[in-house]
Amino acid sequence: MIGFIAAILTTLSFVPQAWQIIKTKDTSGISLGMYSMFVVGVFLWLIHGWNIQDYAIIAANGITFVLASIILAYKIKYK
């Protein structure tokens, strides 16, 4: 149960940041390097979850991957 709650909170923590960036297109306060590495890391966790068929890891990292990728795409487009 603790892992499930942790997965929900860490995944949903990207929603306000993604929403703010989509709304304002201001990415000046975030690091391109950090988000690039983070997106790759989350993608690797997603693959790991798929390989071991852990649906909590798949769901949490799948959603986080999408949200972080949106932020990264805006960072690249509007830098």
Side-chain angles (χ1 to χ4, degrees):
M1 189 57 133
I2 292 173
F4 182 71
I5 294 169
I8 289 172
L9 291 175
T10 57
T11 298
L12 292 180
S13 71
F14 282 86
V15 173
Q17 184 71 64
W19 180 252
Q20 183 70 18
I21 288 172
I22 290 167
K23 194 167 68 171
T24 66
K25 297 179 179 49
D26 178 16
T27 61
S28 61
I30 63 172
S31 165
L32 177 60
M34 180 272 181
Y35 263 88
S36 298
M37 289 187 284
F38 184 76
V39 167
V40 171
V42 169
F43 181 69
L44 293 174
W45 272 112
L46 179 60
I47 292 171
H48 174 68
W50 183 266
N51 286 338
I52 65 170
Q53 292 298 294
D54 186 321
Y55 298 110
I57 292 174
I58 294 168
N61 287 287
I63 294 166
T64 302
F65 177 74
V66 170
L67 294 171
S69 293
I70 290 169
I71 293 168
L72 180 59
Y74 271 71
K75 177 64 178 177
I76 292 168
K77 185 174 181 178
Y78 296 108
K79 64 177 179 171

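All residue numbers in this chain count up from 1 along the given sequence.
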Might you work through the side-chain contact (heavy atoms from CB on, under 4.5 Å) test for Asp26 and Ile21, ending with a clear yes or no?
-> CA-CA 6 Å; Asp26 178 16; Ile21 288 172; over 6 Å; no
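- Using a 4.5 Å heavy-atom cutoff, the side chains of Leu67 and Ile71 are not in contact.
- Shown here are the side-chain contact (heavy atoms from CB on, under 4.5 Å) partners of Leu72, two or more places apart in sequence or in another chain: Leu32, Tyr35, Ser36, Val39, Ile76.
- Ser69 OG to Lys75 NZ: the interatomic distance, rounded to the nearest 0.5 Å, is 15.5 Å.
- Between Val66 and Ile63 there is no side-chain heavy-atom pair separated by less than 4.5 Å.
- Of the possible polar contacts, none joining the Thr64 side chain to the Asn61 backbone as a donor-acceptor pair under 3.5 Å is found.
- Nearest approach of Thr27 to Tyr78, heavy atoms of both residues: OG1-O, 4.0 Å.
- Put simply, Met1 and Leu9 are part of the same group of oily side chains (I, L, V, M, F, W, Y) that touch within less than 4.5 Å, one to the next.
- In the hydrophobic clustering of ILVMFWY residues, with side-chain heavy atoms under 4.5 Å counting as a link, Ile8 and Tyr55 come out together.
- Nearest approach of Ser13 to Pro16, heavy atoms of both residues: O-CD, 3.4 Å.
- For Lys77, the NZ atom sits in a loose shell: 12 or fewer heavy atoms of surrounding residues, nucleotides or ligands are nearer than 6.0 Å.
- By the side-chain contact (heavy atoms from CB on, under 4.5 Å) test, Ala59 is found to be paired with no residue, residues two or more places apart in sequence or in another chain being considered.
- Linking Ile, Leu, Val, Met, Phe, Trp and Tyr residues whenever their side-chain heavy atoms come within less than 4.5 Å leaves Met37 and Leu46 in two separate clusters.
- Contact between Phe65 and Val42 at its shortest, heavy atoms only, is N-CG1, 3.6 Å.
- Taking the side-chain contact (heavy atoms from CB on, under 4.5 Å) definition, one finds that Lys23 meets it with Trp19, Gln20, sequence neighbours left out.
- Here the CD1 atom belonging to Ile47 is positioned 11.5 Å from the CD1 atom belonging to Ile58, to the nearest 0.5 angstrom.
- For the residue pair Ile30 and Gln17, the shortest heavy atom distance occurs at CG2-NE2, 4.3 Å.
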Can you check side-chain contact (heavy atoms from CB on, under 4.5 Å) on Phe14 and Phe38, steps first, answer last?
-> CA-CA 12 Å; Phe14 282 86; Phe38 184 76; 3.2 Å; yes
